[in-house]
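I have placed the structure first, in the form of structure tokens, so that the comments after it can refer back to it.
As the structure is a computational prediction, the values presented were derived from the model and not from experiment. Just the heavy atoms: all of them, side chains too, but no hydrogens, waters or symmetry mates, feed the values below.
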Amino acid sequence: MTAVIETEQLTKRFRRTTAVDGISFTVEQGQVFGFLGPNGSGKTTTIGMLTGIITPTAGRFRLFGSTTHRERVAARLRMGATLEQPNFYPYLTGRNNLRIAANVKGRTMRDIEAVLETVGLTKRAKDQFKTYSLGMKQRLALAATMLGDPELVILDEPANGLDPEGMREIREVIGRLADQGKTIFLSSHLLWEVERTCTHVAVLQQGRILRQASVKDITAGSAIAEVRGGPADRLRAVVGEYPGARAVRVEQGTVVAEVEQEDLSDLNRFIAERGVWVSHLALRQRSLEDVFMELTGGGEHGMGEVPQ
Amino acid sequence: MIRAIVKNELLKTVHRLAFWVVCIVFAFGTTMEYVEAYLRTLAGRSSFTLPGAWQQILSSDAEPLYIFAGVMLILLVANEFTWRTARQNVIDGLSKEQFFVGKMLLIPFIVLLFLGFRITLGGALAAAAGDGWVMGGPAWRALAGLTLAFIGNLAIALFIALAVRSGGAAMGVWLLYFALIENLLAEGLVRLSASFEPVVKFFPVHVFNAITRYIQHDPEAFQRAVASATEHHRDLPQIWDAGTLWLTAIGWVVVILGGAFVWFRQRDL
């Protein structure tokens with residue numbers, strides 16, 4: 001596998017705040033790499049360094065193996081990226097905004113029309129950017145990203161502000177890009193979005209990578225028991241006493257615990273013997289959210305929850 | 001890449017309403033000024049004819065030229081940060097250096113546009129009012145001086161736009177610097193000690209003003225100014241050594257643009 005992005009001890013400090021603290025990771029060709037972390041964990045700053053708008057304080061990174069500044073500038077023409085909200089000229093039309101990116105990337109009007117068609121903006125392409133809805137702005141940003149047929153696509157919180165339909169569309173586009181063999185680097189604070197979309201993941205907290213692996217590997221291992229019945233605090237305490245339970249926590253009134261065995265009858269008996277009657281007891285597959293909670297010590301701020 | 005940069009700057013500029021508003025206001029003011037001079041000449045109340053009219057066209061009243069042009073440059077540069085399109089340009093594949101080059105190219109573009117209009121209209125009307133187009137050595141030197149001063153003042157505007165990164169605030173800082181701050185600083189230093197007097201004349205706006213004075217470039221105009229000052233018991237006009245003045249003005253342009261580049265490059269977008 002060829003490394004598309006490699007970082008080594010990449011660090012960014014803003015005065016006294018360390019936004020990114022010596023992170024090292026590798027994204028290989030063809031991976032859909034999820035960069036997962038709560039708001040303020042350093043995801044956007046890392047992407048800012050990769051895209052050249054933020055200068056690292058320390059450490060280094062390589063894009064497509066580039067080592068010099070000149071090589072890195074050339075390598076950036078092989079990637080497409082969006083960062084936070086879409087940033088375009090409000091007085092220019094959607095089409096003219098894409099012409100700015102197309103001129104830099106050496107692309108033609110035909111390429112512009114093709115990406116406008118892909119994101120469904122052809123009919124509104126002659127309207128000024130300032131008249132677009134948030135969803136349309138996001139789609140224009142995606143069109144600019146895809147312009148030039150990039151080998152590496154970097155998307156920073158692509159589902160931000162989108163309605164469920166918009167999110168579904170974004171997922172479909174990401175899926176299509178992945179099917180074309182493109183490398184995708186996707187930052188998100190939405191755990192379920194990353195789990196559904198990505199092949200690999202790095203979990204970031206307070207500027208540090210807590211763990212990185214394939215989604216398959218990271219979610220493998222022990223099963224998760226969900227228990228409801230009686231006061232959650234009391235139930236949590238009881239489940240916490242159970243010898244086969246780990247990482248016990250409360251999620252929206254449900255006690256969740258990692259269990260060693262998939263037969264829950266023993267756990268049920270254990271709880272009942274302590275005078276608590278269970279109204280719901282179920283086993284589910286370990287999700288990325290469970291892994292994240294374990295890694296961060298449970299309930300870090302700002303993480304998106306799984307939609308019900 | 002330079003072709004792409006030029007195409008993009010042109011695209012951003014010609015679609016901007018503010019650009020046309022500034023152009024129209026400037027063109028209207030300049031047209032009024034020269035048409036009035038032309039009509040007064042036809043009526044025999046003025047002598048707006050060439051080569052004498054070059055003094056008015058290429059030297060006096062250059063401040064409105066700088067101010068209009070400075071405002072335009074700031075509008076075209078600072079809003080790239082307000083809209084965060086500067087970062088988008090870099091994300092799209094421009095290096096920071098290439099983005100800076102794009103903004104720097106706006107300086108010759110604006111100089112050509114504004115100065116071209118002023119010289120073409122003023123020169124044409126003065127030629128029509130007199131005996132045709134006459135442009136001697138002093139006028140060419142004055143034109144070169146005005147061009148350099150124009151570039152220098154726009155370099156200051158570019159520096160401020162890149163440093164302040166907000167259109168309104170940058171315009172305020174630029175107008176204050178241009179009209180007030182440097183003069184106040186110079187006056188304050190001279191009042192503090194007369195020994196600062198030789199130093200303050202090297203301040204950038206002072207230098208750019210000096211190189212715009214017509215008497216600096218036309219020995220005959222200088223002699224006339226000396227004679228007039230003697231007759232009216234005023235201080236005699238002073239001019240710079242031409243080589244020192246040109247070198248200093250060019251030096252300031254290089255220093256200001258270099259400073260703007262270094263400042264821009266080291267800051268995150």
Given a strict heavy-atom distance threshold of 4.5 Å, which part of B:Arg16 is in contact with chain A: side chain, backbone, both, or neither? both
Just to be sure I understand the criterion: a residue of residues 155-176 of chain B counts if one of its heavy atoms is under 4.5 Å from a heavy atom of chain A. Which ones qualify? none
May I ask you to list the residues in residues 5-13 of chain B that approach chain A closer than 4.5 angstrom, counting heavy atoms only, ordered by number? B:Lys7, B:Asn8, B:Leu11, B:Lys12
Working to the nearest 0.5 Å, report the span between CD1 of A:Ile53 and CG of B:Asp268. 8.0 Å
Could you please state which residues from residues 118-156 of chain A sit under 4.5 angstrom from chain B, measuring non-hydrogen atom to non-hydrogen atom, sorted by number, or 'none'? none
Residues of residues 62-93 of chain A with any heavy atom under 4.5 Å of a heavy atom in chain B: A:His69, A:Val73, A:Leu77, A:Ala81, A:Leu83, A:Glu84, A:Gln85, A:Asn87, A:Phe88, A:Tyr89, A:Pro90, A:Tyr91, A:Leu92
Tell me the closest heavy-atom pair linking B:Gly93 and A:Val104, and the distance in Å. C-CG1, 3.7 Å
Max heavy-atom pairs within cutoff under 4.5 Å with chain A, candidates B:Glu97, B:Arg267, B:Gln266, B:Gln98, goes to B:Glu97
Check the surroundings of atom CZ in A:Arg208: do more than 12 heavy atoms from other residues, nucleotides or ligands lie under 6.0 Å from it? no
Any heavy-atom pair between the side chains of B:Val90 and A:Thr51 that's under 4.5 Å? no
